[in-house]
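Here is how names work: the chains are called A, B, and so on, in the same order as the sequence lines, proteins then strands, and each is numbered from 1.
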Amino acid sequence: MKSLIYEKALGGRSGLIGMLVLAALLLIIFPIFLDTFRLNLMGRYLSLAFVAIALVLCWGYGGILSLGQGVFWGLGGYCMAAFLKLEAARNIANEAGTDQINALTTVGLPDFMDWNQITELPWFWYPFKNFPLTLALMFLIPTVLAYIIGVAMFKRRVSGVYFAIITQALCWIMELLFVTRQGWTGGINGITDLRTLLGWDFMNGEHWTGQRLVYFITVIMIGVCIILGRLILTSKLGKLLVALRDTEDRVRFSGYDVASFKTFIFCIAAAMSALGGGLFVMNVGFMSPKLVTIEPSIYMVIFCAVGGRMSLIGAVYGTLVVSYGRTYFSEQFPELWLFALGGVFILVTVIFPKGLAGIVESATPWLGKVFSKTGEQQGSQPPAEAVGT
Amino acid sequence: MLNVRELNVAYGSSPVIRGVSFNAGKGETIAIMGRNGMGKTTLMKSLIGSLGNSGGSIEVDGVELSKKESYQRVKGGLAFVPQGRQIFSTLSVEDNIRTGLETVKDRRKISDNIYALFPVLYDMRRRKGGNLSGGQQQQLAIARALVSQPKVLLLDEPTEGIQPSIIKDIAKALNEIKQMYDLTIVVSEQVLSFTMEVADRLFVIESGKLIHEDKREDVQEETIAKYLSV
Amino acid sequence: EWTNPVLDKYPTDKVNTTGLMVTDTTVTVGQLHSVTGTMAISETGSVEAERLAIKQINDMGGVLGRKIEIIQEDGASDWPTFAEKARKLLVSDKVGTVFGCWTSASRKAVLPIFEKENGMLYYPTFYEGLEASKNVIYTGQEATQQILWGLDWAHEEKGAKTFFLIGSDYIWPRTSNKIARIHIERFLKGCKVVGEEYYPLGHTQFGSLINKVKLKKPDCIYSIIVGGSNVAWYKQLNAAGITADSLAKRGQILLTISTTEDEILGIGGANVEGFYACMKYFQSLDNENNKKFVAAFKEMWGSDSVIGDVTQAAYLGPWLWKATVEKAGSFDIDAISAASGGVEFKEAPEGYVRIHDTNNHLWSKARIGKMLANGQFEVIAESPELIEPNPFPEGYK
Amino acid sequence: MELLAFISMFEGYTGEEIRAIFIMQGFSGLSMFSVFLLMALGLAIIFGQMKVINMAHGEFLTIGAYTTVFISDWAVESAPGFLPYYFPFAMLAAFGVAFLMGYLVEIGFIRFLYKRPLDTLLATWGLSMILQQIFRLTFGAREDSAVMPDWLMGSWAASDMVDIPINGMFLLGTSIFMTVLVWLLMARSRWGLRVRATVQNREMAAATGINTKRTDRMTFALGCGIAGIAGAAFTTIGSVSPSAGSLYIVDTFIVVVFGGAGSLIGTILAAFSIAQAQSILEFFLDGVLAKVFILLTVVGILMLRPQGLVVSKIRKP
Amino acid sequence: MVLPTDYALAVENLTVSFDGFKAVDAVSLYVDKGELRVVIGPNGAGKTTLLDLICGKTRPTSGSIQFLNRELSSMAEQKIVRNGVGRKFQTPSIYPKLTVFENLEVSFPKGRGVWGSLFFSRSEEVKSRILEVAKEIYLDEDLDTEAEILSHGQKQWLEIGMLLIANPQLILLDEPVAGMSVSERKKTAELLRRISQGRSVVVIEHDMNFVREIADKVTVMHQGKVLAEGSMDKVENDEKVIEVYLGH
Ligand SMILES: Nc1ncnc2c1ncn2[C@@H]1O[C@H](COP(=O)(O)OP(=O)(O)OP(=O)(O)O)[C@@H](O)[C@H]1O
Ligand SMILES: Nc1ncnc2c1ncn2[C@@H]1O[C@H](COP(=O)(O)OP(=O)(O)OP(=O)(O)O)[C@@H](O)[C@H]1O
Ligand SMILES: NC(N)=O
Ligand SMILES: [Mg+2]
Ligand SMILES: [Mg+2]
C-alpha cells in the first residue's frame, strides 16, 4: 500500500520532490506574490495545462498525436458554461427590474438565444439545468466522443500523421458547428457573462472565496491529474503504451488488442482535457469557440512539447512558461512577440526535443530526475543531431 | 586499389572500429569474417560513408575519400550492398537499379549484362522493390551496386536469408564480375563455405580489430571456427 | 516639464476618487484592438484614428489639464485574449477609460468585465444593437440607424422589390439581416426576401452563392460580408460577370453595409465601381470638419491611408470622452456615465454627433455612397435629420 | 428535412435555368478544384514525399501572392505599359522567391528533423508565426490585392445564362499545367528518381551515389516554389493578407491525406471529388453544412481506407 | 466444412493473391502436436506469407486454417495469439527501451485487457515464471540489461522467450538463426528441440545444416505451392528440390 502511493503515485523520492516543488510554487509562492489579476491569469493557464498533461499521456507515451485535443477541452468548457448560463439567465429573470429586459427577452432563456430568435430552450440544453448531471456530462460527452473516434480509428489502424490530420479535421468540424449554430451555442461570441455557480459568486476578484478559490481548486485538480497519470504510467499499461508506440506489431503479437489500449488512453486524455475546459470557464467566466479552433489545439501540443513530452510535471511548466511568455511578450513587445514565440518553437523542437524537462535533466542530472520522474524510463526521442555524416 | 589505414569509428563515446588497416588489390576479393556485433557492418558503413569515422584514411585508387560524403565516395568508385538489403520499397525494380546509375553517363539505360546475371530481376522489373522476397531483394541490391561500375564493391553479409542455390549463384556471379571488371570486392560474412568460394584473403574481426589474416589457400578451418564461435 | 494649468480647479483627489491612473499631469487610458490576426485589417484604422484624436487632444492641453497617456494591448483577434487584456487594463493598470474592440464578439467578451470592474469602453463599430450598457459608449451606429434608411432608399429611389440577404456568419450580420427582413416584409409594400445566406468569416469561395444570386435575380443584393472575405466576394462577382453596369441593365443594385474604404483598398476600386454602401461616414464627405480630419489623418499616418466609417467612429471616442470628463469635472466612471447623456461633438468629421440621453448611443445621419474606381465613395444621398439610436427597436423582434 | 430543401430548390425554375445552373456550379467546382490542386501540389511533394508536416506551407503561398502584388504595384507606378504582361513574370518571380525562402528554411532547420516527422509540425508552426509577422511588418495588416490585367478580368458568356469566369479558366489551366509538370518531374526525370529514393532511405540513397542533402534541399524548395506559384495564381480570385495562407492550410492537408500521401493521382482525385462535392452541396445546403458534411465524409472514408484513396501496396517488413 | 482433426495445425487449400499474383497457392499443411516442422523453399516461395496468414497478419483469399480445430482465418491477431499461437518475426522484434525482465513481463499472458493491465502487479508467480523462461533462453544473467544493447543472437532468443512465456501451443519462427554465428546456431538448435516438447513448432530456414539438426519433417514450398514434403533425407535427395532450391 505504501509502495503504491509512494513509489507509483508520487514517483518515489525524486518524484515526490518534483511534486513538492510544483506544489510550493503553485500553492504558496504564486498566491503570495501575485495580485488577483495575475493569479487569475495563472489559473487560466493552468486550465490549459490539463490538456498538456493529457497530451503527455497520449502523445508522449502512447504516440498518439491529437491535433484536436481542444475539442474535448472545449466540450468540457461548453458543458460547464451551459449550466452557468442557465443559472445566469435565471438570475437575470429574478432580478429583472427594468421594463426593458421584460419587454425584450424571454425570461429564463440565455441571452444569445434571444438574440438569435430562439424562443424555447432546445431539448439538449435541459440536462444542463441540473448540476450533478452537468458534471457527469462534462466528462461523459468528451469521453464518449473520444471513445467513438478511438474505436473507429485505432481499429482501422489509423495512426501517426494520419491520425493527427483527421483529428485536426474533426476540430474544424466542431468549430464550424459551434460557430454557425449560433442559436444553440452562442456562435462566435461564445457563452458570456457567467458569474455564479449555485449562487456562489466565483467571479468575485476581491475575496478568497471568489477567483482565488477557483485558482486553488484548479491547482488541486492538476495535482490529481498528475497523480492519476503517474499511476497509469507506472502500471503495466504504461509500459505497454511505450512498447506499442515503438513496436506496435510486437505488442499485437503478444496478444494485446492494441486498439483498445490506444482508445483507453485517448479517452483518459479526453476526460482530463474536459476537466480543464470546465475549470477554464470558472476561471474566466465565459466560453469561446475561438478555443475550440485548430490554433489553440496546436498551442496545446506546443505546451506539451516545450515542457517535455515525456514529463507530466514538465507539461505544467511548459504551459505556464509558453502562456506567460505569450502574455508577457505581447505586452512588452507587441510587434515582436510572434518572432520570439515562433523562434522558441523552432528552437525547442530542433535543439531540445525533450523540452524543459530535458534541459533540466541534462543540466543537473539529479534535478532532471526530480523534474521528469514518472516511474518510466525516459523516452526514445532520437537525438537532435543531423542525419548521416 | 582500396587502402584503409588506422580507421576508427565510434557510436557516441563507445569505439566500435579500432585502428583497422588493410588493403585490397585490383581484382582481389577480401572477406571480413566475424561474429555478431564485432563491427562488420560498422566497418562497411564507415567505408561507404554512412557513418563518420573519427580518424584514419580510406584511399580508393589513390584518392583519399575518408573526409568525403557518401555520394562522393560512390563517384570515387565505391559501391555498397548493405546488410538487410535496403531496397527502396516503393520504387519499381527497374527504378531501384536506376538509382545506381548516378555515376555513369547514360542514366536511363540498364545494361543487359545485369539482367543476364540476375534474370529474375528482368521478370520482376515492374514490380515494387518492397514486394520482392528476401532473396530477390538481395539480388536487386547487388545489381543496383554493380550498375554504378564501381572499382570497389562492398558487400555486407550477402548470404543472409538467401536460399542455398542462390548463394552458390551469387558466389559464381561475384567471381564472374571480378573477372569481367577486374573488380575489388570486400565482403563481410559469417558463413565460411561461401567465403571460401569467393575470397582471396580472409580477415577476422573481433571487437573492432582485425586480429587475424589468411590467404585462402592457408585457411585452416579450425582456426577460423575458433574465431567465429562464441 | 509639463505643469497642469487647471490643477487648482481640478485637484487630483477630486477628479479621481476611485484610484484610477490619474496624476496631477497625466491620465492613462487603454487602447484594446487587434493588431494581429484576421481582424487586424479592420482594427488598424481604429487604432490610428484614436491615436490621432488623443494626439490632437494632448496638443490642445489634454483633459482637465492632464496629458493622455496610452497603454495599448493587442486583442489578437481572439476573444479570450480581449477579455484577459481588458481585465488587465482595468484591474492592473486602472486606466481611466478604454477605447477598443471592433467585432461584437470581442465586445461581448469584455462587457461583463467592464460592468464588473466598472470601467468605461468607447466602442466604435456599427453593430447589431440589443445592448445598452452604462459602461459602454457606442460611437458607431446600431442596426436600425444603418439599415432601415438604406432599405427605404433602395426601395424608393431604386425601385427594389426583391432582396437577397448575404452575410458573414456571426451575430451582427445575422441580426442586421433579421431586422432587414422584417422591415422588407412588414414595412415595404410588395417587397420580399428571395434568399438569405451566411458564410464563415474568412470564407473565400463564393461561386455557389453567386450562382444562386444569378438564379434568383434579386433587385437588390444586400451584402454584409465582413473583413477579408470581401475581396474574394467582389472579385468573384466581377469575374462572374456581375458588375454595377450589368446589374443596372437589369434594374438591379448591390447595397452593402459592411464594405468601407478600408476594405476597398484591398479589393481594388475597379472591382467594386458602381456598387452602393450605406454608412454614416465616407472619407469623401464634403465638410470643413472632415477636410481637417482627413488632412490630419494623412499627415500622421501617410498619404496612402484611407478612412472608413468605423475609423471615423473610433476618432469620435477620445473626443466624446474628453467632453464628458470636462462636463462631469471628474474622471470617475460613475460620473462619466452619468454625464454622458447629451454630450455633443460639433467638430465630428461626419458632421455633428450627440450622445443619446438614455441609451449611450449616438445620434447620427445615414448616407448612401456610390463606389468609385479610385476606392472612394461619391455621396449620393443623406438622411435629412440625425437618426435617433434605438438599440431595442419595437416591432422588430 | 434537407431532402425537402433539395427538392424545393428547383421550384419555379425552367429546365433551361436549371441546366445553366448545373453548368455554372460544375464550373465553380472546377475552379475550386484548381485552387485545391494548386495548393496541394507543393504539399504533395513536401508532405506526401518528404513527410515534412509543413504548417507554414500556407505562408509560402502568401509569399507568392505578395510577390505578385509587389510587382503589380511596381508596374502600376513605374511601368504602366508593362501592366498587361506582368502576370506571367510575376508567377515566375513568385516561384523564385518562395523557392529561395524554402531553400533557406531547409538549411535553417528542416534538415535536422527528417527523422522526426511529427516534430516538423511544431517547428513549421513556429515558422508560420514568424513569417506572418514579417508580412505584417513589411506589408501591413490590411488586405492587399494585385491589379489584374484586362485579359484576366470578366467572363466568357457561353450562353445567355451561362457565364464562365476567365480567371477561373486561367486557374484551371495553370493547375493542369503545373500538375503535368510536377508529374513529369517526379515520375519521369532522374531528379524525381533521386527524390523518391532519398525520401525513402537517405542513407542508402547516399550510398548509391545520390547527393541526398542537395536533393532534400531542392525538393523542399521546389515544393515551396510551387506554393509560391499557387499564391500568385490566387491573386486572380482573392486578396492577400498576412494570415491569408493559414486559411488554406488545413484544406490542403486534407486533400493530400485524403488522396493518399505520395500519390499524385490520389491528390488530383481528392481535390476533384472534394471540390465538386462541395460545390454541388453548397448550392443546396448552406456553405457551412456542406463543409461539415464533406469533412465528415472524408474522415469516414479515411477510416475505411486509412492510407487514402490511392494506396501503393507495399508489404510491411 | 472442415472436420475436426487430431492435428495441431491443419492448413487446407490456403490461397492468397496480391493483385492477381498468388503468393500462396492452394497450400495444405498438417502439423502434429509436438512436431517440429521446417519449411524451406526458394526465396519468394511464399514461406513468410504462409506464416503471415497463419498468425493473421495477412488475410487469405480462400482456404482454411484450423488450429486445434479452431478456425483462425478470420480471427483478430491478438485473439490468435491468445488462442496459443506465437510468432517470431524475421528481424528481431523486441522492446528496445525495456529491460529483458520487462520485455518478458510485458509478454506475460495475464493482464492483457485494458483494466487487467492497469491493475497488473509483479507477483511472485510472475517473477518466478520470468526467471524460468530467462534460463531457458540463456538470458538469466541479463535480466536487467536494456534489450537494445543485447547482441543480435540474444535478441533473437529474447524474442523466442517472449513467445514462450505465454506458453503457446504453436510457435512460428521465421529464419531464427539468420545472422547468427556458428555456435549461436548450435545453442538455438538445442533451444528449439527443447521447446518443441509438448508443443508444435514451425520454422522457416535456409541453413541446411541447421535444418538437418532440428527437423522432424520438412516441407518444401515453391512458387506458392508445396513442392515436396517428408524427412530431411528424402527431401534433400528430391531432384526437384535440388533443382529449384539446393542447387547442384
Ligand atoms: N546505432 C548504434 N548505436 C550504438 N551502438 C551500435 C549501433 N549500431 C551498432 N552498435 C554496436 O556496435 C557494435 C558493432 O555492430 P555491427 O552492426 O557493426 O556488428 P556486425 O559485426 O555487423 O554484426 P552482425 O553480424 O550482427 O551484423 C555492436 O556491439 C553493436 O551493439
Ligand atoms: N503485399 C504483396 N504484394 C505483392 N507481392 C507480394 C506481397 N507480399 C509478398 N509478395 C510476393 O509473394 C512472394 C512470396 O513472398 P514471401 O516473402 O512469402 O517469400 P519467402 O518464401 O518468405 O522468401 P524468402 O525466403 O526470400 O524470405 C514473393 O514473390 C513476393 O514478391
Ligand atoms: N459589430 C460588428 N460589426 O461586429
Ligand atoms: Mg552486420
Ligand atoms: Mg521470408
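No part of V35(C) comes within reach of chain A, as not one of its non-hydrogen atoms sits under 4.5 angstrom from that chain. With a threshold of 4.5 angstrom between heavy atoms, E115(C) approaches chain A through side-chain atoms but not through N, CA, C or O. Using a 4.5 Å cut-off between heavy atoms, L194(A) makes no contact with chain C at all.
The candidate with the highest count of non-hydrogen atom pairs below 4.5 Å against chain A, out of Q72(C), R174(C), E84(C), E73(C), is E84(C). Per-residue heavy-atom pair counts under 4.5 Å with chain A were compared for P80(C), S92(C), A109(C), P112(C), and the maximum is reached by P80(C). No other option in V284(A), L41(A), D35(A), V179(A) has as many heavy-atom pairs under 4.5 Å with chain C as L41(A).
Open room surrounds OH on Y328(A); 12 or fewer heavy atoms of other groups in view lie less than 6.0 Å from it. Remark: W184(A) CH2 is loosely packed, at most 12 non-hydrogen atoms of other residues, nucleotides or ligands lying under 6.0 Å away.
Of the options T180(A), I188(A), L176(A), a side chain to side chain contact (heavy atoms under 4.5 Å, CB included) to D169(C) is made by T180(A) and by none of the others.
Looking at K290(A), its side chain does come within 3.5 Å of a backbone N or O of S77(C) through a donor-acceptor pair.
Distance CZ/F286(A) to CD1/I113(C): 6.5 Å, rounded to 0.5 Å.
Counting heavy atoms from C-beta outward, K88(C) and T327(A) have side chains that stay 4.5 Å or more apart.
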